[in-house]
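A short worksheet on the structure shown next.
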Amino acid sequence: MIGLVDCNNFYASCERSFNPALDGKPVIVLSNNDGNVVARSAEAKAIGIKMAQPVFQIRELIEAHDVRVFSSNYTLYGDMSARVMATLGRFVEDVEVYSIDEAFLDFSCYERQIGREEPADLVTLARQIRATVAQWTRIPVSIGIAPTKTLAKVANWLAKRDPACGGVRMLATEEQIHQALAGFDIAELWGIGHRYTARLRREGVRTALQYSRIPDDWLRDNLTVNGLRLAYELRGTPCRLLELESPAKKAICAAPSFSRPVGDLATMSQALATHLARASEKLRKQGSAASCVTVFLNTNRFRKSPNGELAKQYSNSQSVLLPHPSASSLELNHYAQAALKAIFRFGYFYQKVGVLLSGLVPTDHRQPGLFTDLPDERLAKLSAAVDRVNQRHGRDRVRLAAQGYDRTWAMRQEWLSRRYTTRWGEILFAK
DNA sequence: TCTGGGGTCCTAGGACCC
DNA sequence: TCTGGGGTCCTAGGACCC
């Protein structure tokens, strides 16, 4: 059996973890730039705040219900996630960290111990896991248990919404699975988005049970091999195995929006250098070098001109193949800036400039070009030293000159909480 | 005033190879 | 009149995930 542990309202729960005064209050967390709602406590959902809703649309609701609003604090959420995952690792050897707030657990070690006659013991175990995570992190979780990952997802969805479950739901017998799928909307299935939902509804398919009975050929032809795998998983045949080693990323992207419209090349250039510094830090952290740099930019598709019409739009991108794979901020920025100059047009107000590093290869397996050498080893040492300094003393303490010191374009974070767990200066004091 | 960011996988079709 | 068979690689576009 496979367990899926999913943190409830994760970002909102993280904010609560170190601030008990928020218990029982509606709490929301906003996207980068304080734009949209990306997490809601149960109380916030109850008063009708929708996922991904722009925050300016719910000003009155926030006022009326004293909603506590937070900017995204990824430093805190990332660290809290690591704590939750480490807690899960105390119970089960094989944990697949699937996302910042979800993990699959392999329960087969327990099943071998207890044999087949006592399936309910997994529910008891899951309750223990739940209680321990709550005690150690103050993060509430729901746990679904079933024979396949997809069915565990279904079980988890039910565990979250049915108060009678107490946060744990197991689908073990054929009858339990059958009954759960018969009442389960295809729109909630893992791997069925809004396009496929519409397509399937036109075919008269509404429930997961109906989906599991669609002929294989139709699924293969219309929903690709993934749609077919989904059906197999619903029928109880595992097609998605636990991935215990997280594979290296194939592309790394950094493209946060500006806090305000930006029209000048100098500011765009500083923002690009800053995004590139973020992306190349990630690149070095996973031990990769990039062989291609892509720069892209776009205007704001919602922006209106003074006369009320949509402002004129422009977006473009350019990719540069490097003479050799590189992980040096200095070198990557050199090519990125050239690409920016090539696509930048005066007369527009831009919403963002972004960078994508791709063609990633392991740094120690780089192949030199036929007519070029590998980059100077000193560049790699320099990057490593800069990363160490910044890790210890704070982001961008040592930076590319091209990044500049003007941060007026940087994203809004009006309601940022403290980094309780990762900065000595922001640690919580108990009176 | 104000509308997110960062990823993965699959497929069809075109170009190419012997 | 008659024009093969079996492949690989790349890309754009579309779908999905959290």
Query raised in the report: So does A/F18 have more than 12 non-hydrogen atoms from other groups sitting under 6.0 Å from CZ?
Result: yes
Query raised in the report: Nearest of B/dG5, C/dC18, C/dC16 to any side-chain atom of A/W190?
Result: C/dC18
Report task. Give a yes or no on this: more than 12 heavy atoms of other residues, nucleotides or ligands lie within 6.0 Å of atom CZ of A/R395. Result -> no
Query raised in the report: In whole angstroms, how far is the P atom of B/dC2 from the CZ atom of A/R260?
Result: 13 Å
Report task. Return the value, rounded to whole Å, for the distance between atom CD of A/E60 and atom C1' of B/dC2. Result -> 15 Å
Query raised in the report: Can you check the A/K149 NZ to C/dC18 P distance for me, whole Å?
Result: 12 Å
Query raised in the report: For atom CD of A/E203, is the number of surrounding heavy atoms from other residues, nucleotides or ligands below 6.0 Å larger than 12?
Result: yes
**Report entry** Stepwise ring pair (Phe, Tyr, Trp, His ring centres under 6.0 Å) check, A/F104 with A/W190
**Finding:** CA-CA 14 Å; A/F104 288 102; A/W190 191 32; 5.7 Å; yes
Query raised in the report: Should A/R68 and A/D66 count as an ion pair when the cut-off is N to O under 4.0 Å?
Result: yes
Query raised in the report: Contact class for A/N33 (heavy atom, under 4.0 Å): base, sugar-phosphate, or nothing?
Result: nothing
Requested in this report: Looking at every strand, decide which applies to A/H275 at a 4.0 Å heavy-atom threshold: base, sugar-phosphate, or nothing.
Outcome: nothing
Query raised in the report: Would you say A/N300 reaches B/dT3's phosphate, i.e. side-chain N/O to OP1/OP2 under 4.0 Å?
Result: yes
Query raised in the report: Picking from A/F344, A/F296, A/W409, A/F258, what satisfies side-chain contact (heavy atoms from CB on, under 4.5 Å) with A/V353?
Result: A/F258
Report task. Begin with the C-alpha distance, continue with both residues' side-chain angles, and end with the deciding distance and a verdict on side-chain contact (heavy atoms from CB on, under 4.5 Å) for A/E15 and A/N73. Result -> CA-CA 9 Å; A/E15 297 296 344; A/N73 183 347; 3.9 Å; yes
Query raised in the report: Heavy atoms under 4.0 Å, any strand shown: does A/I58 hit a base, just sugar-phosphate, or nothing?
Result: nothing
Query raised in the report: What integer distance in Å separates A/R59:CZ from B/dT1:C1'?
Result: 9 Å
Report task. In whole angstrom, give the distance that lies between atom CG of A/L230 and atom P of C/dA15. Result -> 17 Å
Requested in this report: Classify the nucleic acid contact of A/E102 as base, sugar-phosphate or nothing, counting any heavy atom under 4.0 Å across all strands shown.
Outcome: sugar-phosphate
Query raised in the report: CG of A/L223 versus C1' of C/dC16: gap in Å, rounded?
Result: 11 Å
Query - No-hydrogen, no-angle side-chain donor-acceptor test under 3.5 Å, A/N33 and A/S257 - result: no
Query raised in the report: What's the CD-P distance between A/Q351 and B/dG4, to the nearest Å?
Result: 6 Å
**Report entry** Bracket string, DNA chain C, 5' to 3' - pairs by Watson-Crick or G-U geometry under 3.5 Å, | interstrand
**Finding:** ....||||||||||||||
Query - Nearest listed nucleotide, side chain of A/R195, among C/dA15, C/dC18, B/dT3 - result: C/dA15
Query raised in the report: Can you check the A/Q53 CD to B/dC2 C1' distance for me, whole Å?
Result: 13 Å
Report task. Could you check A/V168, A/I145, A/L151, A/D6 and say which one makes a side-chain contact (heavy atoms from CB on, under 4.5 Å) with A/N156? Result -> A/D6
Report summary line: Taking C/dA15, B/dT3, C/dC18 as options, the one with an atom nearest any side-chain atom of A/D101 is C/dC18
Query raised in the report: If the sugar-phosphate is the primed atoms plus P, OP1 and OP2 and the base is the rest, what is the B/S/- string for nucleotides 6-13 of chain B, using protein heavy atoms under 4.0 Å?
Result: SSSSSS--
Query - A/N8 backbone acceptor or donor facing A/S13 side chain under 3.5 Å - result: yes
